[in-house]
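Everything on this sheet refers to the single structure shown next.
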Protein chains: 2
Amino acid sequence: MATSTVENYLKHILLLSEGGGELVSMGALATSLSVVPGTATTMVKALADSGHVEHRPRQGVRLTAEGRRLALSVLRKHRLVETFLVTVLKMDWAAVHAEAEQLEHAISDEVLDRLDALLGHPDTDPHGDPIPSRQGKINSQVYATLATCAVAKPLRLVRITDQSAEFLQFAEQNGLLPGATVHVADRNLAAGLITLKPAKGPALALSLAAAGSILVQPAR
Amino acid sequence: MATSTVENYLKHILLLSEGGGELVSMGALATSLSVVPGTATTMVKALADSGHVEHRPRQGVRLTAEGRRLALSVLRKHRLVETFLVTVLKMDWAAVHAEAEQLEHAISDEVLDRLDALLGHPDTDPHGDPIPSRQGKINSQVYATLATCAVAKPLRLVRITDQSAEFLQFAEQNGLLPGATVHVADRNLAAGLITLKPAKGPALALSLAAAGSILVQPAR
DNA sequence: GAATCTATTTTGAGTAGTCAAAATAAATCC
DNA sequence: GGATTTATTTTGACTACTCAAAATAGATTC
């Protein structure tokens, strides 16, 4: 059985490679896992030995088919657990990420299947992140962000990719939940910010960085 | 934060000391945790250094107040998780022990409190094992067992202390669930078995060892 | 085409846990 | 009261991580 350290490495490699097969650098991986780069190198070599990843020295890592399978299963656990915590236990949107981080390594496939059924087989978690299927399929549709979408057109909010509790809290307080309708009133590249007008509630300003973590699609 | 190894040692010491303050031998502890005795000795010394237990060399271990507090909190998690798995996820009575063994170390106090509320603050788990309160109080009432109780008197089944999946499966198939009414038709010390007559269903024979793990109280 | 900068890898050492097997202490037996 | 049995402890070694800091490889600059 894979240790939770192994599961975490694979999950972070998956997330950093954006679903595609690009190489993930040691620096990025180390930062993402909060370890020093040397640790990431050592661990990645071990992961390569066990067949979970392919390591190109000085270039980066990529998941093998087996590594990807395992990483998707961890991601599925993480996102279903988050969904359970929010919809059944009514926990705070912003707090569930940290909880799921622990539980994703302790939950069995059997429990997961029952949780999935209880929740009605959702295909996204409360933040709009797609939940991989049992077979390892995941919706990898590319959406526009508030930093890149058309101005003054009505938009439906699909997903918040920033996992930090502070940002999620801010988003919730301003009604920026998946499903909400908004439009970008103004985008000022020079100032590095956008002005957002939610369908309900007052207008608000957002940095381009923050706007980039909110994914949208044209509303009707 | 205590590692899950530490949590397991403390939990097993608590269970082996029967709630009281008796010393637990290294041999018993090692067997219970499936480690060799030398490992238990080493670990217990570390636990003594961190103030969780008191170690009397060549005699045994005992929990300190702090160790007991932590052990009870782990036991509370274990038993509430078991209850959740059976009553909400409809999992098999016999399978939940192994699941809870993992989840008890990954679940936060916040999640636990919400689970507890969702379940209506139960005071026993599906096997009849008492659930410690948030404050660390636990019902330590002493019950008779089918091996020690009066013969031919009506009894209410309160608890099954054997955690093994096989025994629990057997018990379930014969209607031996907490709350069931039975009486002991015969007890044959020489043969080492008892004959049990459930209120509903046919009579069945049980070894004294098996009978000893079924706790009962006088019915009505 | 050296010199420098930056990312990565290597090396050496530490922590938390484990086992196998030898040493020791306590209890029991004759 | 010695000899033996049994439980416990000690010792040395291994796995799975981790970090700090030195070495190295590529890329970049002048």
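Just so it is clear, the model here is predicted, and its values are computed rather than measured. Chain identifiers are assigned alphabetically (A, B, ...) following the order of the sequence lines, protein sequences preceding nucleic acid strands; residue numbering begins at 1 within each chain.
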Over all strands shown, is [X] touching base, sugar-phosphate only, or nothing at heavy-atom distances under 4.0 angstrom?
| X | answer |
| --- | --- |
| A:Thr41 | base |
| B:Thr39 | base |
| B:Gly27 | sugar-phosphate |

Grab the [atom1]-[atom2] distance between [X] and [N] for me, whole Å please.
| X | N | atom1 | atom2 | answer |
| --- | --- | --- | --- | --- |
| A:Leu29 | D:dC17 | CG | P | 14 Å |
| A:Arg56 | D:dG26 | CZ | P | 14 Å |
| A:Arg58 | C:dT9 | CZ | C1' | 5 Å |
| A:His105 | D:dC17 | NE2 | P | 12 Å |
| A:Leu33 | D:dC17 | CG | P | 12 Å |
| A:Asp49 | D:dA16 | CG | P | 11 Å |
| A:Gln59 | D:dA27 | CD | P | 9 Å |
| A:Glu7 | D:dC17 | CD | P | 11 Å |

When you measure from the side chain of [X], which nucleotide among [options] comes out closest?
| X | options | answer |
| --- | --- | --- |
| B:Thr5 | C:dT8, D:dT8, C:dG17 | C:dG17 |
| B:Pro37 | D:dT9, D:dT18, C:dA7 | D:dT9 |
| B:Val36 | D:dT10, D:dA7, C:dC19 | C:dC19 |
| B:Thr42 | D:dT9, D:dT10, D:dT8 | D:dT10 |
| A:His55 | C:dT9, D:dC17, C:dA20 | C:dT9 |
| A:Val35 | C:dT18, C:dT9, D:dC19 | D:dC19 |
| B:Tyr9 | D:dT18, C:dT18, C:dT24 | C:dT18 |

Please determine whether a side-chain nitrogen of the Lys or Arg among [X] and [Y] lies less than 4.0 Å from a carboxylate oxygen of the Asp or Glu.
| X | Y | value |
| --- | --- | --- |
| A:Arg69 | A:Glu66 | yes |
| B:Glu104 | B:Lys11 | yes |
| B:Glu54 | B:Arg56 | yes |
| B:Arg134 | B:Asp116 | no |

Identified side-chain contact (heavy atoms from CB on, under 4.5 Å) counterpart of A:Pro132 within the set A:Leu14, A:Ile138, A:Val74: A:Ile138
